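Have a look at the structure below before the remarks.
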Number of protein chains: 4
Amino acid sequence: MNSLRNSVRLVGNLGMDPEVKNFDNNKQLVKFSLATNETYKNDKGERVTETQWHNLIAWGSQAKFIGDYLKKGDEVAIEGKLTNKNWVDKDGNKRYMTEVVVNDFIKLKG
Amino acid sequence: MNSLRNSVRLVGNLGMDPEVKNFDNNKQLVKFSLATNETYKNDKGERVTETQWHNLIAWGSQAKFIGDYLKKGDEVAIEGKLTNKNWVDKDGNKRYMTEVVVNDFIKLKG
Amino acid sequence: MNSLRNSVRLVGNLGMDPEVKNFDNNKQLVKFSLATNETYKNDKGERVTETQWHNLIAWGSQAKFIGDYLKKGDEVAIEGKLTNKNWVDKDGNKRYMTEVVVNDFIKLKG
Amino acid sequence: MNSLRNSVRLVGNLGMDPEVKNFDNNKQLVKFSLATNETYKNDKGERVTETQWHNLIAWGSQAKFIGDYLKKGDEVAIEGKLTNKNWVDKDGNKRYMTEVVVNDFIKLKG
DNA sequence: TTTT
DNA sequence: TTTT
């Protein structure tokens, strides 16, 4: 009852090598950024590319697999879940961050 | 070539009545928050609900339609695009915000 | 590596009560038909509804859950996999059938 | 209100060069088959690949673009709509066929 | 064979 | 700030 309620699908390129973190409880986390490019023609008929950068993370065996297998520049398709976290920073400002938690991926090129 | 590269699908409830803004150029923008609820059993076998709050916006005729038709509490399915904007706030801190730009929706209940 | 390669999402109404079959090996299968309705305006500006009927099946605990919980007329969202089977019928004609194997569903109304 | 109610996403390889048909009213139709491969480990721990063959069609500018741009063997991601048609054949048997009407595609490799 |  |  999960991926029907909250599902993100992206096709794009890694902006960095994935960063793997190992925790004491043998859990693994991987983080990386992904760029998606949308191209369209503007009012003047010029071809324009608009890029979105997304924060992606993955846990467990998916994290290990991503860390071993993907690198900067690779093109991937991913399916994940949209999550938001918020906290108060050292200056007392409320901060927000959105992350896509990756459930599955396919390496396409690179 | 767009929704294959960047697509978000959510089923959830509006946390507020949509806020419509009218711009000088006759363009309309609507903003609202949407809660998606995921339920699962934790280690102790207890039923737990985890809620994510998402920022949604829509433009044009979609904005007008949402403003006229949806209200706080309604359950909807939406399809949209994941976008990130960043700016420097008055204290010089870099700030980020993620929004889902709604392309299409279905009202389910409420 | 599965739902990224082959994924169907439908929102529609059950045309029948689900039919549950129990196999000797304790496996369960459920079958039902689902109608999806698309409405649009034709050349004359008339509102037209076009209906597609889909064959859906599910296995295991999902089958049991569907058999217990859903009935004719209910509106559901489903996620599944597109499968094709073919065989030769009693007259020697090659026959085809497409089924959506349901992985997950949400009951919306009804 | 369309792709939320009926949406198919496939990543796979073309089994043939697309066949383009031109109609009198300047409309174009393209047909091709697409194989999706799912790999998993069976009871004996052996890696197994299961292939599904899908019938795909597209209309209009999408048809022309596919005919010009894709060929047998290419890997593509597609988004489309699941449609079913049925008719009575020359022997009086009721026949069914399922087609995915392509709305959008990305060429991945090949 | 569904639903609005 | 929603809903079950």
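Letters go in sequence order (proteins before strands), and every chain restarts at 1. Bear in mind that the values here come from a model prediction, so they are computed numbers and not experimental data. Just the heavy atoms: all of them, side chains too, but no hydrogens, waters or symmetry mates, feed the values below.
Closest approach to the N37(C) side chain among dT1(E), dT2(F), dT2(E) is made by dT2(E) (side chain taken as heavy atoms from C-beta onward). Which of dT3(F), dT1(E), dT2(E) sits closest to the side chain of N13(B) comes down to dT3(F).
Take the nearest nucleotide of DNA chain F for H54(B) and for T49(B): the residue whose nucleotide is more 5' is H54(B).
Rounded to whole Å, atom C1' of dT2(E) lies 13 Å from atom CG of L10(C). As rounded to whole Å, 12 Å separates atom P of dT4(F) from atom CG of L108(B). In this entry the distance linking CD1 of I106(B) with P of dT4(E) reads 14 Å, nearest Å. Protein atom NZ of K31(B) is 20 Å distant from nucleotide atom P of dT2(F), rounded to whole Å. With rounding to whole Å, R5(D) atom CZ is found 12 Å from dT2(E) atom C1'. With rounding to whole Å, I78(B) atom CD1 is found 19 Å from dT2(F) atom P. Here the P atom of nucleotide dT1(E) and the CD atom of Q52(C) are 18 Å apart, to the nearest Å. Across the protein-nucleic acid pair, L14(B) atom CG and dT1(F) atom P stand 15 Å apart, rounded to whole Å.
Contact annotation: the side chain of F23(D) approaches that of W59(D) to within less than 4.5 Å [non-hydrogen atoms, C-beta and beyond].
Side-chain contact of S7(D) with E79(D): a donor-acceptor pair under 3.5 Å is present, judged by distance alone.
Using a 4.0 Å cut-off between charged side-chain N and carboxylate O, R5(A) and E75(B) make a salt bridge. A salt bridge links E99(A) and K85(A); the closest N-O separation between the charged side-chain nitrogens and carboxylate oxygens is under 4.0 Å. Salt-bridge annotation for R95(C) and D89(C): present, with a side-chain N of the basic residue lying under 4.0 Å from a carboxylate O of the acidic one.
At the heavy-atom level, K72(B) lies under 4.0 Å from the strands shown only through sugar-phosphate atoms. As judged by a 4.0 angstrom heavy-atom cut-off over every strand, T51(C) is placed among the base-contacting residues. Among the atoms of the strands shown, only primed sugar atoms or phosphate atoms (P, OP1, OP2) are found under 4.0 Å from some heavy atom of G73(B).
Per the stacking criterion (ring centres < 5.5 Å, plane angle < 30°), W53(B) does not stack onto the base of dT2(F).
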